[in-house]
Amino acid sequence: MKTRYDVLIVGGGMVGSALACALGGSGLSVAVLERRLPESFEPSQPHDLRVSALSIASERFLQNIGAWGGIVDRRSCPYRRMKVWESSATSAATEFDAAAIGHDHLGYIVENRLIQIALLERLKAFDNIELISPAPTLRIDYAPGATLVELEDGRELVGRLVVAADGGDSQVRAAAGIGVTKWDYEQHALVAAATTAYGQQDITWQQFTPTGPLAFLPLTGHNASLVWYNTPNEVKRLLALPEPRFLEQLHATFPAELGQITEIQGRTSFPLRRQHAQRYCQDGVVLIGDAAHMIHPLAGQGVNIGLLDAAALAEVLLAAHQAGSSIAGLETLQGYEHQRRRHNLLMMQIMDGFYRIFSNDIGPLKLLRNAGLGLAGHLPPARNRVMEFAMGLRGDLPQLAR
């Protein structure tokens, strides 16, 4: 027997579950399919390796859908300042401070798992939303307005609209025949959860080097997330080092601003890919988050643009439902694509530009980027505009993120 829903969201991660929360109480029947639930949270647990820098726009969206309290009541770290500079001793530096634009913080560093936990917890408040997990997907048979999703346990679900929130290797996107344009960056990111001698900090920073940036993201207490971008072979070598040797390499490579590292709680790595779907929708199917786009994580904007996708799509679907229009029709879904595709492409191009300008040791480019950093540091209006854009305080934002 097939169970039918107005909206089937395949993927209950941060972006998919945020969309579901935004549709809560709407009268639309919604199912969220999540392969596996996250491990429950205990305050004594060490910090996870995967974290996100949530912008003000993301914070407001999460507040508006009722999930923000579940995040900050668990574990999060606000940051007030951001600093960027190059490795050269003569290089200029630019520091962004939220106080310059009348805010008390630029954003929050939060573990991805805790964002997902808070969102899935929020889903329980809505009678029109069903969370199905574990839900490994066996087969997706795409048909406009009536896509069949068969789970490994034999259950069959039919969605008037199917939402691909199932990541960069989206099974939904493949079933719908939507292609992607992609390439791999010549970098991997090594991520380490570390304990430092410094107490909780209010600054995140990046130092640019020819092989890629070194980044510091503050966490609660004496904890931090360190990101080391480098060539795939070098990252592989670093991961294989025993912890004492790895600590030596960190202290020898990271700047003095890092301070003394007393412990490594864990480390991992992942390749970096730029990927963009050739379209975000067609009759009965729509893409959000990594299923639609993957960008260089240099500025931590990946999850933020994914959450803005969720906010924009929710508004388009709710407006169509209230007007009695088709939520799965191409005209409705193209309204979402028109809002998001151009914004996401701009962000991808900006990140590509940073990657190409800073990930090399070419003399003229070094002079140019040092001049750029120095100029930005001495032009408060320009610096503040950049800050506002990164925080999600400028641009054509969905109402749910304002």
Test log, rule side chain to side chain donor-acceptor pair (under 3.5 Å), inputs Arg274 and Gln349: CA-CA 10 Å; Arg274 183 202 198 272; Gln349 291 170 336; over 6 Å; no
Criterion side chain to side chain contact (heavy atoms under 4.5 Å, CB included) on Ser225 and His47, from CA distance to verdict: CA-CA 9 Å; Ser225 178; His47 288 75; over 6 Å; no
Answer whether the closest heavy-atom distance between the side chains of Leu37 and Pro134 falls below 4.5 Å. no
What residue among Arg113, Glu111, Arg75 forms side-chain hydrogen bond (donor to acceptor under 3.5 Å, both in side chains) with Gln45? Arg113
Within the distance-only criterion (no hydrogens, no angle test), does the side chain of Ser52 pair as donor or acceptor with the backbone N or O of Leu54 below 3.5 angstrom? no
Taken to the nearest 0.5 Å, the spacing of Trp68 CH2 from Ser76 OG works out to 6.0 Å
Distance from Leu120 atom CG to Ser133 atom OG, nearest 0.5 Å? 8.0 Å
Would a distance-only check, ignoring hydrogens and angles, find a side-chain to backbone donor-acceptor pair under 3.5 Å from Tyr336 to Leu287? yes
Is the number of heavy atoms from other residues, nucleotides or ligands within 6.0 Å of CG (Asp153) greater than 12? yes
Pairwise distance CE(Met294) to CD1(Ile305) - rounded to 0.5 angstrom: 11.0 Å
Are side-chain N/O atoms of Thr195 and Gln265 paired as donor and acceptor at under 3.5 Å? yes
How far apart are the C-alpha atoms of Arg279 and Glu337, what are their side-chain angles, what is the distance that settles it, and do they pass the salt bridge (Lys or Arg N to Asp or Glu O under 4.0 Å) test? CA-CA 8 Å; Arg279 56 186 179 275; Glu337 180 171 22; over 6 Å; no
How far does CG of Leu397 sit from NE2 of His343, to the nearest 0.5 angstrom? 6.5 Å
Does a donor on one side chain sit under 3.5 Å from an acceptor on the other, for His222 and Thr262? no
Would you please test Asp309 and Arg340 for salt bridge (Lys or Arg N to Asp or Glu O under 4.0 Å) and show each step? CA-CA 6 Å; Asp309 289 350; Arg340 296 301 306 149; 2.8 Å; yes
Would you say CG of Asp396 has more than 12 non-hydrogen atoms from neighbouring residues, nucleotides or ligands within 6.0 angstrom? no
Ignoring hydrogens and angles, tell me if any N or O in the side chain of Gln187 forms a donor-acceptor pair with the backbone of Pro271 under 3.5 Å. no
Atom pair CG/CG of Leu313 and Leu19 - distance to nearest 0.5 Å: 5.0 Å
Side chain to side chain, His276 and Lys182, heavy atoms closer than 4.5 Å: no
Does Arg273 reach the main-chain N or O of Trp183 with its side chain, forming a donor-acceptor pair under 3.5 Å? no
Please determine if Arg80 and Asp104 form a salt bridge, counting it only when a charged side-chain N lies under 4.0 Å from a carboxylate O. no
Should Arg74 and Glu121 be marked as a salt bridge (Lys or Arg N to Asp or Glu O under 4.0 Å) after you check the CA-CA gap, both sets of side-chain angles, and the distance that decides it? CA-CA 12 Å; Arg74 286 183 168 90; Glu121 184 179 72; 3.0 Å; yes
Could you tell me whether a side-chain N or O of Asp283 sits under 3.5 Å from a main-chain N or O of Pro144, the two making a donor and an acceptor? no
Donor-acceptor check, side chain of Arg267 to backbone of Leu238, threshold 3.5 angstrom: yes or no? yes
Is it true that His188 and Glu234 share a donor-acceptor pair across their side chains at a distance under 3.5 Å? no
What orientation do Tyr280 and His293 show, parallel under 30°, tilted 30 to 60°, or perpendicular over 60°? tilted
Show the numbers, then the answer: is there a side chain to side chain contact (heavy atoms under 4.5 Å, CB included) between Leu214 and Tyr229? CA-CA 6 Å; Leu214 307 170; Tyr229 298 90; over 6 Å; no
Flag for Glu130-Tyr5: side-chain donor and acceptor within less than 3.5 Å: yes
Answer yes or no: is there a donor N or O on one side and an acceptor on the other, between the side chain of Asp166 and the main chain of Val172, under 3.5 Å? yes
How long is the span from the CD1 atom in Ile56 to the OH atom in Tyr108, to the nearest 0.5 Å? 8.0 Å
Considering only heavy atoms from C-beta outward, does the side chain of Ile65 approach that of Leu119 to under 4.5 Å? yes
Is there a salt bridge (Lys or Arg N to Asp or Glu O under 4.0 Å) between Arg139 and Glu150 once you walk through the steps? CA-CA 5 Å; Arg139 180 172 65 96; Glu150 183 181 349; 3.1 Å; yes
Run the side chain to side chain contact (heavy atoms under 4.5 Å, CB included) test on Leu333 and Leu161 for me, step by step, so that the C-alpha distance in whole Å, both residues' side-chain angles and the decisive distance to 0.1 Å come before the verdict. CA-CA 10 Å; Leu333 300 177; Leu161 173 66; 3.9 Å; yes
For Arg342, does the CZ atom have more than 12 heavy-atom neighbours from other residues, nucleotides or ligands under 6.0 Å away? no
Donor-acceptor pair, distance only, cut-off 3.5 Å: does the side chain of Thr204 make one with the backbone of Phe216? yes
Any chance you could lay out the side chain to side chain contact (heavy atoms under 4.5 Å, CB included) test for Leu157 and Leu33, step after step, and finish with the verdict? CA-CA 10 Å; Leu157 315 173; Leu33 311 183; 3.4 Å; yes
Test item: Thr137 and Val149 side chains (from C-beta on) under 4.5 Å apart, heavy atoms: yes
For Thr253 and Leu250, indicate whether the former's side chain and the latter's backbone hold a donor-acceptor pair under 3.5 Å. no
On a heavy-atom basis, which atom in Thr196 and which in Ala224 lie closest, and how many Å separate them? CG2-CB, 4.3 Å
Just checking His296 against Tyr185, ring centres under 6.0 Å apart? yes
Mind telling me whether Trp205 and Trp85 have parallel, tilted or perpendicular rings, with 30° and 60° as the class edges? tilted
How about CD on Glu243, more than 12 heavy atoms from neighbouring residues, nucleotides or ligands closer than 6.0 Å, or not? yes
Tell me whether Arg173 is salt-bridged to Asp290, with the criterion being a basic N under 4.0 Å from an acidic carboxylate O. no
Taking the side chain as every heavy atom from C-beta outward, state whether Asn112 and Val303 have any atom pair closer than 4.5 Å. no
Which of these, Val110, Val227, Leu219, sits in a side chain to side chain contact (heavy atoms under 4.5 Å, CB included) with Val51? Leu219
Has Arg50 got more than 12 heavy atoms of other residues, nucleotides or ligands less than 6.0 Å from its CZ? no
Do Ser29 and Asn128 have a side chain donor and acceptor closer than 3.5 Å? no
For the residue pair Ile327 and Val7, establish whether any side-chain heavy-atom pair is separated by less than 4.5 Å. yes
Any side-chain heavy-atom pair from Ile288 and Val163 closer than 4.5 angstrom? yes
Would the His251 and Phe254 ring centres measure less than 6.0 Å apart? no
Are the side chain of Thr332 and the backbone N or O of Ala328 linked by a donor-acceptor pair below 3.5 Å? no
Arg341 to Ala277 - nearest heavy-atom pair and separation: NH1-O, 2.7 Å
Do Leu148 and Glu156 make a side-chain contact, defined as non-hydrogen atoms from C-beta onward lying under 4.5 Å apart? yes
